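Heads up: the structure comes next, in structure tokens.
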Amino acid sequence: MADLNLAFLLFLLTPVLLLAVLFLIARPRPVRIPIKNRHVFITGGSSGIGLALAQRAASEGARVSILARSQGKLDEAKQAIQLATGIDVATFAADVRDLEAVKRAVEEAGPIDVLVVNQGVFVPEELDRQAIDEVKFMLDVNLVGSFNMIKAALPSMKSRTDRRPVSIALMSSQAGQVGIYGYTAYSASKFGLRGLAEALQQEVIADDIHVSLVFPPDTETPGFVEENKRRPQLTNVIAASSGAMKAEDVAKKALSGIKSGSFIVPCNFEGLLLSIATAGLSPQRSFVMAFFEVIAVGLVRLLALFFQWNWYRTIEKWHAQH
Ligand SMILES: NC(=O)C1=CN([C@@H]2O[C@H](COP(=O)(O)OP(=O)(O)OC[C@H]3O[C@@H](n4cnc5c(N)ncnc54)[C@H](OP(=O)(O)O)[C@@H]3O)[C@@H](O)[C@H]2O)C=CC1
Ligand SMILES: CCCCCCCCCCCCCCCC(=O)[C@@H](N)CO
């Protein structure tokens, strides 16, 4: 009887002990990154998710700068934000593939507190059919362009006199957590951002710079409308495993993830499952999230295998019909 009581007590204590251990070891330590009266610099800020983020940050009292290639689209975005919030944002026309141009923009914009590297291009097609120039285009804009942006902003972020924590956020995609049919180049570019982000966080933690990686599902944006005109049917079906979101909702999740310094920022419920399934060795500041990861990882892996089973069945059927 005494043994049974002891066993029961241990059973109850295990989660409490686990929580206590995780509380002690979760790294990096929790942080808050305020944006009010601070400078938020958003690439790809003239459209879609970037524009929604710019508007939200502006309405929360940040000083906002947006960067994109087309000055025309930047002007329209500036006007839209002015109309919606009464606030003026600064615009910078530059291509992220051009390091010198990006450096000039960053210098002109002034010290950055929150850098959101959000620009991205997506042209889905089977690799066998896709021109190598299109592959390079996606890698250049999404991955190399992100390196350029960070290289340009990092020196002044590190040497800031204001000692408050600052942030570098990268816009990935759920296709940066799992490879999806039609997305060889796009997924590669977004998986690349993860390696960049994990390594960078270790390099800049001593400077109180905090890295966030945002993983949206399909999101209603001008870019998505374009993409849909040529998306392979199988890409559509597989991507539909995660519900589509509105740009404003993604922006809301992204900004709250950034402000709480979360390394991984999922945007919907499927995204939360994906983030647990692919947590790997990514940093985790929240001991509560760490607890759920440890508890759920086995079951979520099982669920992931069911998803793959379903996707491969769809692919087989599609081939049988074509
Ligand atoms: N919409 C979706 O379904 C999803 C999108 N994402 C990611 O979110 C991010 C934003 O996507 P979304 O809002 O849909 O995109 P949009 O196509 O609507 O907007 C893209 C923005 O990036 C800018 N941009 C594109 N190329 C460059 C470049 N070479 N240099 C500088 N700026 C550039 C565009 O302006 P301009 O053309 O003038 O340069 C525009 O401001 C991307 O990284 C995308 O991969 C992730 C998951 C889902
Ligand atoms: C463990 C259980 C997991 C359950 C859910 C799995 C769902 C995976 C769906 C992936 C969808 C990828 C959409 C990419 C959108 C995108 O980036 C393009 N629109 C280009 O912008």
Side-chain angles (χ1 to χ4, degrees), residues 31-68 70 73-92 96 105-106 109-120 146 149 153 157 164-174 176 193 197 209-225 242-269 271-272 275:
V31 68
R32 293 297 308 177
I33 295 156
I35 66 160
K36 202 174 155 71
N37 295 323
R38 301 185 87 198
H39 185 198
V40 178
F41 188 105
I42 304 168
T43 70
S46 65
S47 172
I49 297 172
L51 173 56
L53 258 166
Q55 183 154 324
R56 180 162 273 275
S59 67
E60 290 188 20
R63 171 165 89 80
V64 177
S65 300
I66 56 178
L67 176 145
S70 146
K73 276 204 276 176
L74 283 165
D75 291 341
E76 276 175 42
K78 184 188 173 86
Q79 243 179 27
I81 297 171
Q82 162 72 244
L83 213 67
T85 65
I87 296 162
D88 250 337
V89 302
T91 63
F92 299 91
V96 293
V106 166
I112 297 171
D113 298 305
V114 176
L115 172 66
V116 186
V117 186
N118 159 83
Q119 89 291 338
S146 300
M149 242 358 273
M157 289 182 93
R164 286 194 291 170
V166 296
S167 163
I168 297 175
L170 296 154
M171 196 56 67
S172 182
S173 158
Q174 287 182 359
L193 290 182
I209 301 177
H210 305 279
V211 179
S212 291
L213 254 181
V214 187
F215 293 99
D218 275 341
T219 307
E220 293 162 25
T221 66
F224 186 52
V225 170
S242 188
M245 289 179 75
K246 295 207 178 308
E248 289 69 29
D249 297 330
V250 170
K252 191 173 170 182
K253 290 279 179 198
L255 204 58
S256 83
I258 290 169
K259 288 193 289 186
S260 62
S262 308
F263 182 77
I264 300 277
V265 182
C267 297
N268 63 0
F269 180 66
L272 182 66
S275 298

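Since the structure is predicted, the reported quantities are computational estimates derived from the model, not experimental observations. All values below were derived from every heavy atom in this structure, side-chain atoms included, with hydrogens, water molecules and symmetry-related copies excluded. All residue numbers refer to positions in the sequence shown, counting from 1.
Residues forming a side-chain contact (heavy atoms from CB on, under 4.5 Å) with V166 (at least two apart in sequence, or on another chain): R38, D113, M157, R160, I209. The side chain to side chain donor-acceptor pair (under 3.5 Å) test applied to E76 returns no partner, not counting sequence neighbours. In this view, S172 satisfies the side chain to side chain donor-acceptor pair (under 3.5 Å) rule with no residue, not counting sequence neighbours.
Between V64 and I42 the shortest side-chain heavy-atom distance falls below 4.5 Å. Contact annotation: the side chain of S212 never approaches that of I168 to less than 4.5 Å [non-hydrogen atoms, C-beta and beyond]. V265 has its side chain out of reach of I258: every pair of non-hydrogen atoms, C-beta onward, lies at least 4.5 Å apart. Taking 4.5 Å as the limit, some side-chain heavy atom of M171 sits within range of a side-chain heavy atom of I49. Proximity of P266 to F215: side-chain heavy atoms (C-beta onward) are nowhere separated by under 4.5 Å. You'll find the side chain of F263 reaches within 4.5 Å of the side chain of V211, heavy atoms only.
In terms of heavy atoms, G44 sits closest to N118 at O-ND2, 3.2 Å. When all heavy atoms of I264 and S275 are compared, the pair lying nearest together is CG2-OG, 3.5 Å. Between F224 and T219, the shortest heavy-atom distance links the atoms CB-O, 3.1 Å. Closest approach of P111 and H39 over heavy atoms only: O-ND1, 2.9 Å. When all heavy atoms of C267 and V214 are compared, the closest pair comes out as SG-CG1, 3.8 Å. Taking each heavy atom of F41 and A109 in turn, the nearest pair found is CE1-CB, 3.7 Å.
In this model, a donor atom of one side chain and an acceptor atom of the other lie less than 3.5 Å apart for Q174 and N268. Side-chain contact of S262 with S260: a donor-acceptor pair under 3.5 Å is present, judged by distance alone.
The distance from atom CG of L67 to atom OG of S46, rounded to the nearest 0.5 Å, is 9.0 Å. Remark: L193 CG to S173 OG distance equals 10.0 Å, nearest 0.5 Å.
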Exercise. Should L74 and I66 be marked as a side chain to side chain contact (heavy atoms under 4.5 Å, CB included) after you check the CA-CA gap, both sets of side-chain angles, and the distance that decides it?
Worked result: CA-CA 8 Å; L74 283 165; I66 56 178; 3.7 Å; yes

Problem set entry | Step-by-step side chain to side chain contact (heavy atoms under 4.5 Å, CB included) determination, R164 to I33 | CA-CA 8 Å; R164 286 194 291 170; I33 295 156; over 6 Å; no

Ignoring hydrogens and angles, write down the donor-acceptor pairs under 3.5 Å from the side chains of residues 244-256, residues two or more places apart or on other chains.
residue: K246; atom: NZ; partner: E220; partner atom: OE1; Å: 3.2
residue: S256; atom: OG; partner: K253; partner atom: O; Å: 3.4

Side-chain donor-acceptor pairs of residues 50-62 under 3.5 Å, sequence neighbours excluded:
residue: S59; atom: OG; partner: Q55; partner atom: O; Å: 3.3
residue: S59; atom: OG; partner: R56; partner atom: O; Å: 2.9
residue: E60; atom: OE1; partner: K259; partner atom: NZ; Å: 2.6

Under 3.5 Å, sequence neighbours excluded: what are the donor-acceptor pairs made by side chains of residues 77-87?
residue: K78; atom: NZ; partner: V89; partner atom: O; Å: 2.7
residue: Q82; atom: NE2; partner: D88; partner atom: OD1; Å: 3.2
residue: T85; atom: OG1; partner: I81; partner atom: O; Å: 2.7
residue: T85; atom: OG1; partner: I87; partner atom: N; Å: 3.1

